[in-house]
Amino acid sequence: MDNTINSLLTEKVERLPENPGVYIMRDCDGGIIYVGKAVNLKNRVRSYFNNSQEQSFKITHMVPRINDIDYFITASEEEALILELNLIKRHKPYYNIRLKDDKTFPYLKISTNEEYPQVQITRRLEDDGARYFGPFSSAYSVRQTLKIIKDIFPFRSCSKDLSKKITRPCLEYYIHKCPAPCIKAISKQEYNESIKKLILFLEGKQDKVVRQLENNMKEAVSKLEYEKAAVLRDRIKAIKEVINWQKLAVTVKGEQDVIAFAQEKDTAYAQIFFIRAGKIIGREGFTMQGAQSEEPMQVMTDFVKQFYSSATYIPSLIVLQYPILDKTIIESWLSKKKGNAVKIQSPSRGNKKQLVDTVSINARRGLEELKIKRISSQNNIDTALNEIQQVLKMPVLPLRIEGYDISNIQGKDAVGSMVVFEKGRPKTAHYRRFRIKTLQKPNDFAMMQEVIKRRFGRYNKNKQDTADTWKIMPDLMLIDGGKGQLSSVIEILKNTDVESLTVIGLAKENEEIFTPGISEPIVLPKSSPALQLLQRVRDEAHRFAVGYHHNLHKKQTFVSSLDGVPGIGPARKKALIKRFGSVAEIKSANIEELLSVKGINLPLAQKIKEYL
C-alpha cells in the first residue's frame, strides 16, 4: 500500500460515523476481501490500523491488501448482523470464515400446499407454503433420510399431474414405496394423514406417531381389516427400531442442537447433533474455510450465524462447545426467527458437557476423514506420486509403497508391521505383521532388521510367483524413524537377495525425510501432497503395529495371570477367556458363575478365587 493510498484510507477511516453498521474492505481491484459488523463503525475499523497493539495472523495479512472501505449504517446491531450475513453469503470474502458452498446445501421439501403432497430433495428454499427440513450436509445424507422414511411412510415422489386420468401405477406402487394416489389407490384423507405423521417423525415426535399408529391398528383390527393392521404393525416396528437407535445414551431432555467443531489450519469441521424429545434424531457435519489462526469463539460465532440463517428449524436451546461473541444479539435474532425464546449455552459440567464432548469427538473424526478424503482424491494422489518421484530422484513412480514400524514396551511383546499402499491407496490385503522372535530387550534397530530380513527372506528373484504377494517388490520403502533406523535397514538389505530399492526414513519429530548416504534431510512444506501421503503411510504402519501389539499384550497379560492357578490348563483358560473376557471379571465373579464354565468344578473355582 503506497503512502498516497495509505493517507486517503486513514482520512476515510477518520470520517467514518460512530453508528452501528457493516463495513466492507476492498482490494486494489475493487474486490470484497472482508465484511464485518460493528456497534461503532469508526472505532472498529480504526482498530485494524492500530499498529500499537498486537494483531492476529489474519489482520496482519489482510490490512496491506485493503485499498478502500465501504460501509452501511443500520438502525441496530441486529440489523447489522443480518446484513453482514447476507453480504458474506453473496460475496464469499476471502478473509471471512465461511460455510463451504452453503448456497448449495440440500433440503427435504414436502409440498403440503398440494392436494397429494410430494416429498422431494431441493436446493432452493422458497416461500411457497411447503415444509422444508434441513439443511443437510450432502445429497447422500438427505437420500439416506428419504430411504428410511419412505420405508415407513410410503409417499409419491413423482411430479405427475394427478388431475389427469392415469390407468396404471409405476413400479414404486408394486414394491410398496408409493400408495399410488395417481390411480386413487388411497384416499386423499388417508394420504394426508400419512404425510402428517411423516412430518411429526421428521420433527422428532416419533412417540406421538407410534401412539397414533397403534390406535389406527386397533381400529383396523376391530373392523376386521387385518391386512391394513399388519401394515400398521410393521410401520410401528420400523419406527421403534429408529427410536432405539436414536436414544444413543442421551441423558438430556427436550429439544436442542449440540454443536462442536475441530480446527486445523484454514479448515474447521463442525458437527451438529439434533436432539428432539430427548433422542438424537440425526446429525450433520459442515466444513468451514478461512479459519486460519482464528480463535475458537470467533469460529463458533460465525458458524452459528451462517448455519441458522438458512436452517428451516431452530430449537429452543442451542448447546455449544465454545461461548460465542454477540450472544445477546444472536439470541434475540434467533428468537424472532423462531417466534419463541431461544437460549444459547456453553456448559462446563454435567450431562450437557458430556454430550458436547461426544459431539467434539465426532467432529475430530470428521475432520480426519475429510483430510483423508482430500489426500485420497485422484488428482492429489497423482500430484503426490509425481512429487515423491521428483524429490527422491526415483527412476519410476512409487506405485507401490511399503511402510514399516515397530511397537513394544521395554522389549516385551514386540511386533513389527508392514503396510502397503498401491497407487496412493491402502492395499489392506497385503498388510503383514511380525512377532519379534530373536530379541527380548528393547532394541528398535535390531527389531526392524529382523522384520526386514524376514520380509525379504520370502523373496526369491529366481522364482517369480505373482500369486504370492511376498514376491511383489515395492518401488519405495518407508521406515518410521530417522538416520539410525534407516542405516540399520540399509545394512540388512545388503545381505538379502534384493536388488537396489529406494528406501527412506520419515522422522516424526520434524517430519524430515532421510535418504541413504546423505546427512542433510529433505524438508517439504506441510502443505506438500508428497509429504502428506508419506505421513499417511507412516501413520498407518504405526497404527497397524500398535493395534497388533495391544492385542498381544492384552492376551499375554490375561493368560499369565491364570498360569499360576493349579489345574488351569489351555482348554480351561480358553473357556474362562470366552466366558468372562478379562481377569477383572473373573476376580469379581462368584463361585456359581465360575462353576457355569465348562471344566470348572468346585475345588477349581475355589482355587481361582484364592489365587486371583
Rounded to the nearest 0.5 Å, what separation is found between the [atom1] atom of [X] and the [atom2] atom of [Y]?
X: Ile97; Y: Asp266; atom1: CD1; atom2: CG; result: 9.5 Å
X: Glu402; Y: Ile479; atom1: CD; atom2: CD1; result: 9.5 Å
X: Phe421; Y: Ile381; atom1: CZ; atom2: CD1; result: 9.5 Å
X: Thr312; Y: Lys109; atom1: OG1; atom2: NZ; result: 13.0 Å

Does [X] [atom1] have over 12 foreign heavy atoms under 6.0 Å away?
X: Gln390; atom1: CD; value: no
X: Glu295; atom1: CD; value: no
X: Tyr431; atom1: OH; value: yes

**Message:** So, using side chain to side chain donor-acceptor pair (under 3.5 Å) as the criterion, who are the partners of Glu264 when residues are at least two apart?
**Reply:** Lys371

Sequence neighbours left out, cut at 3.5 Å: what donor-acceptor pairs do the side chains of residues 15-23 make with other protein atoms?
residue	atom	partner	partner atom	Å
Arg15	NH1	Glu11	OE2	3.1
Tyr23	OH	Tyr48	OH	2.5

**Asked** Under the salt bridge (charged side-chain N to carboxylate O under 4.0 Å, His left out) test, which residues partner Lys423, sequence neighbours left out?
**Response** none

**Asked** Can you name the residues that form a salt bridge (charged side-chain N to carboxylate O under 4.0 Å, His left out) with Arg276, not counting sequence neighbours?
**Response** Asp257

Side chains of [X] and [Y] only: does a donor on one sit below 3.5 Å from an acceptor on the other?
X: Tyr313; Y: Glu255; answer: yes
X: Lys89; Y: Ser309; answer: yes
X: Glu78; Y: Ser332; answer: yes

Exercise: identify the closest heavy-atom pair between [X] and [Y]:
X: Gly285; Y: Gln271; answer: CA-NE2, 4.1 Å
X: Ala130; Y: Ile110; answer: CB-O, 3.4 Å
X: Lys92; Y: Leu99; answer: NZ-O, 3.5 Å
X: Lys37; Y: Arg44; answer: O-CG, 4.4 Å

**Request:** Look at the aromatic rings of Phe303 and Phe286 and report parallel, tilted or perpendicular, splitting at 30° and 60°.
**Result:** tilted

**Asked** Do Phe133 and Tyr107 have ring centroids that are under 6.0 Å from one another?
**Response** no

**Message:** I need the full list of side-chain hydrogen bond (donor to acceptor under 3.5 Å, both in side chains) pairs touching residues 340-350, with sequence neighbours left out, sorted by first then second residue.
**Reply:** Gln345-Lys352

**Which residues share a side chain to side chain contact (heavy atoms under 4.5 Å, CB included) with Asp357, sequence neighbours left out** = Lys353

